[in-house]
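This report refers to the structure that appears directly beneath it.
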Amino acid sequence: MQKYSVLVAGGGSTFTPGIVLMLLDNLDKFPIKELKFYDNDAARQEVIGKACAVLIKERAPEVVFSYTTDPREAFSGVDFVMAHIRVGKYPMRELDEKIPLKHGVVGQETCGPGGIAYGMRSIGGVLELVDYMEKYSPNAWMLNYSNPAAIVAEATRRLRPNSKILNICDMPVGIEVRMAEILGLESRKEMTVKYYGLNHFGWYSDIRDQAGNDLMPKLKEHVAKYGYVVHKDIDSQHVEPSWNDTFAKAKDVFALDTNTLPNTYLKYYLFPDYVVEHSDKEYTRANEVMDGREKHVFGECRKIAEKGSSAGASLHIDEHASYIVDLARAIAYNTKERMLLIVPNQGSVSNFDPTAMVEIPCLVGNTGPEPMQIGAIPQFQLGMMNQQVAVEKLVVEAWIEKSYTKLWQAITLSKTVPSATVAKAILDDLIAANKDFWPELH
């Protein structure tokens with residue numbers, strides 16, 4: 001098997017060690033000759049990089065490893081770029097969450113005004129990565145799982161339409177792992193799913209086992225009672241109180257349309273009053289992450305680097321991230337694996353905007369994704385998706401045109417925001433907070 005050169009863009013991310021462990025665990029399926037990290041924050045990347053050097057030396061010393069802040073060094077001679085960047089890092093995420101909450105509106109990383117703010121920061125960062133890749137390794141593929149994926153995907157469609165970038169999200173993977181557990185299956189890969197929507201905004205319409213048996217009735221029965229909460233939590237690290245509530249709330253989201261099974265993120269759009277009421281305006285999810293995963297991962301990485309050994313360290317392999325290996329393998333070996341990707345609609349959802357970036361099943365091979373046909377979708381989902389895709393498109397237009405009005409329109413149109421007056425107040429606060437990251441609006 002050919003061995004590949006892989007670059008992780010966002011080397012200083014708390015998710016990077018888990019992804020490295022996952023790549024090392026899958027070398028038999030996806031052989032790597034070289035692994036590189038790239039980040040624009042040298043100090044942060046160094047902590048993660050030093051620890052990962054130890055992990056790689058212990059598990060796969062034949063893999064050449066390096067980390068750098070120099071784009072030419074990073075992006076030259078690579079086959080795949082795995083991108084997970086967070087422009088503004090967690091302090092900006094904290095503001096994305098707390099500013100809307102101050103105005104009585106959902107404060108969330110990828111949904112509503114917070115997601116719009118994050119999108120305005122992310123567009124330039126992701127485009128920069130695409131341009132470096134095309135300059136230094138024009139034949140490489142970018143596997144992008146940087147959030148907010150919907151806005152980033154629309155920006156790459158508009159501004160880099162011919163680039164070899166695949167936008168993917170791990171939330172459906174997380175939900176499907178829970179579904180498999182509900183059904184008593186060994187793996188989510190024993191299910192064939194039909195799913196449609198936008199990123200963090202979709203529905204499962206059909207789920208079958210490998211023999212073609214309909215699994216929806218058993219899943220619906222569970223979700224109607226418990227949402228996606230499973231009796232044995234998969235990974236206690238992942239199931240903090242805020243996530244537990246999200247999995248439980250799927251029960252109420254499901255009640256709105258019992259013909260489909262929902263993505264958990266729909267709770268922010270359908271029950272925004274509930275979300276705001278149950279939010280702590282002073283201590284949001286960003287604080288949970290900074291005090292939890294952030295401290296834990298950096299602390300463990302420092303210990304590994306100091307000891308020169310990972311013995312006794314509690315860094316966990318990111319099992320959910322195995323979808324990234326599946327995607328890389330599909331391109332490398334033309335496996336035609338069926339995966340959910342964010343792709344131009346182009347008629348797949350027949351009664352929806354053909355230019356929208358939809359999240360649907362695709363067969364993935366060495367030329368990229370072949371989207372599957374979904375057909376016409378029901379009025380309820382169509383109405384919600386039309387509203388939400390307009391938000392995403394307006395955000396990208398606002399970024400391109402540096403338009404205050406279009407960004408005001410986008411926030412006003414979000415289902416999480418009650419009025420144009422509130423939208424304007426939030427926007428003005430977000431502009432002040434993001435002056436170092438957004439284009440200057442006029």
Side-chain donor-acceptor pairs under 3.5 Å in residues 59-73, sequence neighbours left out?
{"residue": "Thr68", "atom": "OG1", "partner": "Asp70", "partner atom": "N", "Å": "2.9"}
{"residue": "Asp70", "atom": "OD2", "partner": "Glu73", "partner atom": "N", "Å": "3.2"}

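Not a single donor-acceptor pair under 3.5 Å links the side chain of Ser5 to the backbone N or O of Asp79. In this structure a side-chain-to-backbone donor-acceptor pair under 3.5 Å is missing from Lys29 to Arg329. Between the side chain of Ser205 and the backbone N or O of Thr260 there is no donor-acceptor pair closer than 3.5 Å. The main-chain N or O of Pro272 is never found under 3.5 Å from a side-chain atom of Thr416 such that the two would form a donor-acceptor pair. Put simply, the side chain of Asp25 never gets that close to the backbone of Leu21: no donor and acceptor are under 3.5 Å apart. Side chain of Ser348 to main chain of Asn345: a donor-acceptor pair is present (N/O by atom type, distance under 3.5 Å, no hydrogens or angles). Using a distance-only test at 3.5 Å, with no hydrogens or angles considered, no donor-acceptor pair links the side chain of His200 to the main chain of Met171. Side-chain atoms of Ser122 come within 3.5 Å of backbone N or O of Asn147 as a donor-acceptor pair. With Glu190 contributing its side chain and Ser187 its backbone, the two residues share a donor-acceptor pair below 3.5 Å. Under the 3.5 Å distance criterion, the side-chain polar atoms of Thr16 are matched with a main-chain donor or acceptor of Gly10.
If you take CG on Asp170 and CG on Leu340, they are separated by 12.0 Å, rounding to the nearest 0.5 Å. In this structure, CZ in Arg86 is found 7.5 Å from OG in Ser13, a value given to the nearest 0.5 Å. With rounding to the nearest 0.5 angstrom, the CG atom of Leu430 is 5.0 Å from the CD1 atom of Ile99. Put simply, CD on Glu109 and OH on Tyr118 are 5.5 Å apart, with the number rounded to the nearest 0.5 Å. Between atom CG of residue Leu185 and atom CG of residue Leu215 there is a gap of 6.5 Å, rounded to the nearest 0.5 Å. Rounding to the nearest 0.5 angstrom, the gap separating the CD atom in Glu154 from the OG1 atom in Thr355 is 6.5 Å.
Tyr228 has its side chain out of reach of Lys251: every pair of non-hydrogen atoms, C-beta onward, lies at least 4.5 Å apart. Looking at Ile342 and Ile168, their side chains never come closer than 4.5 Å, going by heavy atoms from C-beta outward. Looking only at side-chain heavy atoms (C-beta outward), Trp399 and Leu127 come within less than 4.5 Å of each other. Asn144 places none of its side-chain heavy atoms less than 4.5 Å from the side chain of Leu166. Residues Gln381 and Asp257 are in side-chain contact: their nearest non-hydrogen atoms beyond the backbone lie under 4.5 Å apart. Within the 4.5 Å cutoff, no side-chain heavy atoms of Val8 are placed close to those of Lys36. Residues Thr246 and Lys267 are in side-chain contact: their nearest non-hydrogen atoms beyond the backbone lie under 4.5 Å apart. At a threshold of 4.5 Å between non-hydrogen side-chain atoms, the residues Ile331 and Thr367 do not count as touching.
Between Lys249 and Asp252 a salt bridge is recorded (basic side-chain N to carboxylate O distance below 4.0 Å). Between Lys303 and Glu300, at least one side-chain N (NZ, or NE/NH1/NH2) sits under 4.0 Å from a carboxylate O, which counts as a salt bridge. Ion pairing between Lys295 and Asp291 holds under the 4.0 Å rule for side-chain N and carboxylate O. Using a 4.0 Å cut-off between a side-chain N of Lys or Arg and a carboxylate O of Asp or Glu, Glu46 and Lys50 qualify as a salt bridge. Taking the charged nitrogens against the carboxylate oxygens, Arg188 and Glu181 have no contact shorter than 4.0 Å, which rules out a salt bridge. Taking 4.0 Å as the cut-off between side-chain N and carboxylate O, Arg285 and Glu97 do not count as a salt-bridged pair.
In terms of heavy-atom proximity, Thr110 sits nearest to Tyr269 at O-OH, 4.3 Å. Residues Leu341 and Pro369 approach most closely at CD1-CB, 3.6 Å, considering heavy atoms. When all heavy atoms of Ile151 and Gly115 are compared, the pair lying nearest together is CD1-O, 3.7 Å. Contact between Trp141 and Gly368 at its shortest, heavy atoms only, is CH2-CA, 3.6 Å. For the pair Pro100 and Gly114, the tightest heavy-atom approach, listed with the atom from each and the gap, is CG-N, 4.0 Å. Between Val389 and Ala356, the shortest heavy-atom distance links the atoms CG2-CB, 3.6 Å.
Checked against side-chain hydrogen bond (donor to acceptor under 3.5 Å, both in side chains), Thr14 has the following partners two or more places apart in sequence or in another chain: Arg293. Residues forming a side-chain hydrogen bond (donor to acceptor under 3.5 Å, both in side chains) with Gln45 (at least two apart in sequence, or on another chain): none. Lys98 is linked by a side-chain hydrogen bond (donor to acceptor under 3.5 Å, both in side chains) to Glu94, Asn287, counting only residues two or more places apart in sequence or in another chain.
Ring orientation note: the planes of Trp243 and Tyr265 are nearly perpendicular, at an angle over 60° on the 30°/60° scale. Classified by interplanar angle (parallel below 30°, tilted 30° to 60°, perpendicular above 60°), the ring pair Trp203/Phe201 is perpendicular.
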| task | May I have the step-by-step check of side-chain contact (heavy atoms from CB on, under 4.5 Å) for Asn434 and Leu95, ending in yes or no? | result | CA-CA 9 Å; Asn434 282 277; Leu95 293 173; over 6 Å; no
| task | Evaluate side-chain contact (heavy atoms from CB on, under 4.5 Å) for Glu176 paired with Tyr204, printing each intermediate quantity in order. | result | CA-CA 10 Å; Glu176 287 164 30; Tyr204 291 90; 2.9 Å; yes
| task | Apply the test side-chain contact (heavy atoms from CB on, under 4.5 Å) to residues Ile19 and Tyr145: give CA-CA distance (whole Å), side-chain angles for both, the deciding distance (0.1 Å), then the verdict. | result | CA-CA 12 Å; Ile19 284 168; Tyr145 40 103; 3.5 Å; yes
| field | Tyr333 vs Asn366, side-chain contact (heavy atoms from CB on, under 4.5 Å): CA-CA, chis, key distance, verdict | value | CA-CA 7 Å; Tyr333 306 120; Asn366 58 9; over 6 Å; no
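Phe75 pairs with exactly one of Tyr38, Tyr136, Phe80 by the ring-ring contact (aromatic ring centres under 6.0 Å, His included) rule, that one being Tyr38.
For Tyr4 and Phe30, the distance between ring centers is under 6.0 angstrom.
A donor and an acceptor atom, one from each side chain of Ser310 and Glu58, are located under 3.5 Å apart.
Every pair passing salt bridge (charged side-chain N to carboxylate O under 4.0 Å, His left out) that includes a residue from residues 207-228 is listed here, sequence neighbours excluded: Asp206-Arg208. Residue pairs meeting the salt bridge (charged side-chain N to carboxylate O under 4.0 Å, His left out) criterion with at least one member in residues 344-373, sequence neighbours excluded, are Lys336-Glu370.
A cation-pi arrangement is found for Arg178 relative to Phe247, the charged atom lying closer than 6.0 Å to the ring centre and inside a 45° cone about the ring normal.
Applying the 6.0 Å contact sphere to NZ of Lys307 captures more than 12 heavy atoms from other residues, nucleotides or ligands.
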